[in-house]
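Heavy atoms only: backbone and side chains are in, while hydrogens, waters and symmetry mates are out.
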Amino acid sequence: MAQRAGVSRSTVSYALSGKRAISRKTRERIEAAIRELGFTPNAGARALATSQTLVIGLFVHFFQDEFSPAMLQYVLPIADAAREAGYDILMVTETDGPKALERISSSEMVDGVVLLNVAHEDPRLPVMRKIRQPGSMVGLPKNTEGFDVFDLDFEESGRVLVDHLAERGHREIVLITPRKDVYDRGGAYAWRFQNAALQQAARYGMRVHWFHGETQQPAVNRQIGEILDANVGTAMIVHNDAVIAALPSVLHARGVRVPDELSVVGIFSEDFGQLFNLPYTAVETSPDKLGRLAVQALVQHMLDPERAGAHRVELIAPQITDRGSTK
């Protein structure tokens with residue numbers, strides 16, 4: 001490497017570790033040599049040189065009553081953004097989140113922490129406020145002090161979907177939300193969306209039939225069938241990943257035509273929609289954008305806390321994609 005770049009081994013070390021300033025031309029020669037040789041810096045050496053582990057801890061809890069494919073949408077962009085910044089991911093899925101967070105942070109295994117599945121009063125946050133490492137999260141807790149927080153604006157998302165149906169003359173609709181368990185453990189995204197949708201519907205004088213959606217088969221298909229049998233509403237808002245994923249096959253089996261006989265809107269990402277072939281108008285949940293924002297903000301605080309500035313709370317404005325599933 002040093003020979004190919006025409007510099008000393010110590011100069012290569014300085015370029016990789018950033019411990020000493022080198023000229024732009026020298027750095028360009030070293031970077032060219034890295035590309036030509038396909039060189040990957042040794043993580044252990046970099047860690048010793050920079051007093052960093054070059055690892056980000058990703059703490060996520062996969063609940064049985066949630067639809068795992070939806071949560072996995074957030075993991076990949078977080079891992080990709082971390083690699084692009086020169087970090088690996090240590091994914092921790094233990095059910096005892098506070099204990100796991102304490103163990104991983106105290107052992108100095110990671111330089112920073114990203115949280116998923118953030119509850120309204122998340123039991124991991126008191127631990128997060130005590131540890132040395134900075135943290136960021138996807139999901140809005142009750143108290144955001146001390147962290148970078150990114151989430152979809154679920155309140156506005158609920159209003160946008162109700163507006164969309166109201167503008168098309170619907171006055172009696174079905175609302176399918178996450179299971180009650182999600183509410184009970186503090187999944188604020190569920191009630192933020194639901195409350196805003198119900199309030200917006202009330203402003204229009206719309207009648208809403210509200211159901212906690214199932215997440216496991218065959219209960220999901222059975223519930224959809226029961227709702228359709230009840231024949232309530234001319235439109236359906238689905239904020240439940242398992243239900244929306246199963247809906248096309250159930251409607252097809254029952255011969256229900258969308259939008260001629262039933263208008264359908266939902267809230268899911270474009271990738272999720274492609275995975276399950278969903279032809280429905282929907283608010284984009286933006287897992288890729290949210291995951292990348294969380295990592296980028298965290299890296300700034302890990303590398304240069306002073307330049308990173310104050311922690312930020314950012315709610316992504318909902319974008320609706322009309323796929324012609326309403327009339």
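- In the model, His164 has no side-chain atom that pairs as donor or acceptor with a side-chain atom of Thr281 under 3.5 Å.
- Test Arg179, Gln223, Arg222 against Glu214 for side-chain hydrogen bond (donor to acceptor under 3.5 Å, both in side chains) and you get one pass: Arg179.
- No more than 12 heavy atoms of other residues, nucleotides or ligands sit less than 6.0 Å from atom CD of Gln319.
- Side-chain contact annotation: Thr177 with Gln194, donor-acceptor N/O pair under 3.5 Å absent.
- The nearest pair of heavy atoms linking Pro77 to Asp288 is CB-OD1, 3.3 Å.
- Distance check: Ile267 CD1 to Phe193 CZ gives 5.0 Å after rounding to the nearest 0.5 Å.
- Glu284 has its side chain within reach of Ser269: a pair of non-hydrogen atoms, C-beta onward, lies under 4.5 Å apart.
- Between Val243 and Gly213 the shortest heavy-atom distance is CG2-CA, 4.2 Å.
- Remark: the Asn221 side chain and the Gln217 side chain contain an N/O donor-acceptor pair separated by less than 3.5 Å.
- Salt bridge present: Glu84 and Arg292 bring a charged side-chain N and a carboxylate O closer than 4.0 Å.
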* Go through Ile78 and Leu116 one step at a time and tell me if the side-chain contact (heavy atoms from CB on, under 4.5 Å) criterion holds. => CA-CA 10 Å; Ile78 287 173; Leu116 293 179; 4.0 Å; yes
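- Within the model, atoms OG1 of Thr234 and CG of Leu262 stand 8.0 Å from one another, a figure rounded to the nearest 0.5 Å.
- Aromatic pair His239/Tyr189: ring centres closer than 6.0 Å.
- Ion pairing of Asp184 with Lys180 is present here, as a side-chain N (NZ or NE/NH1/NH2) and a carboxylate O approach within less than 4.0 Å.
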* Start with the C-alpha gap between Phe154 and Leu140, add the side-chain angles, then the distance that decides, and say whether side-chain contact (heavy atoms from CB on, under 4.5 Å) holds. => CA-CA 10 Å; Phe154 281 95; Leu140 181 65; over 6 Å; no
* Check the pair Glu156 / Leu315 against side-chain contact (heavy atoms from CB on, under 4.5 Å), numbers first and verdict last. => CA-CA 10 Å; Glu156 185 61 18; Leu315 298 182; over 6 Å; no
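- Around atom CD of Gln296, more than 12 heavy atoms belonging to other residues, nucleotides or ligands sit under 6.0 Å away.
- Using a 4.0 Å cut-off between charged nitrogen and carboxylate oxygen, Asp96 and Arg103 do not count as a salt-bridge pair.
- Contact check on Glu145 versus Arg129 returns no salt bridge, with no Lys/Arg side-chain nitrogen under 4.0 Å from an Asp/Glu carboxylate oxygen.
- Under the 4.0 Å criterion applied to side-chain N and carboxylate O atoms, Lys99 and Glu102 are not assigned as salt-bridge partners.
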* Would you check, one step at a time, whether the test side-chain contact (heavy atoms from CB on, under 4.5 Å) holds for Ile224 with Leu228? => CA-CA 6 Å; Ile224 295 173; Leu228 294 173; 4.0 Å; yes
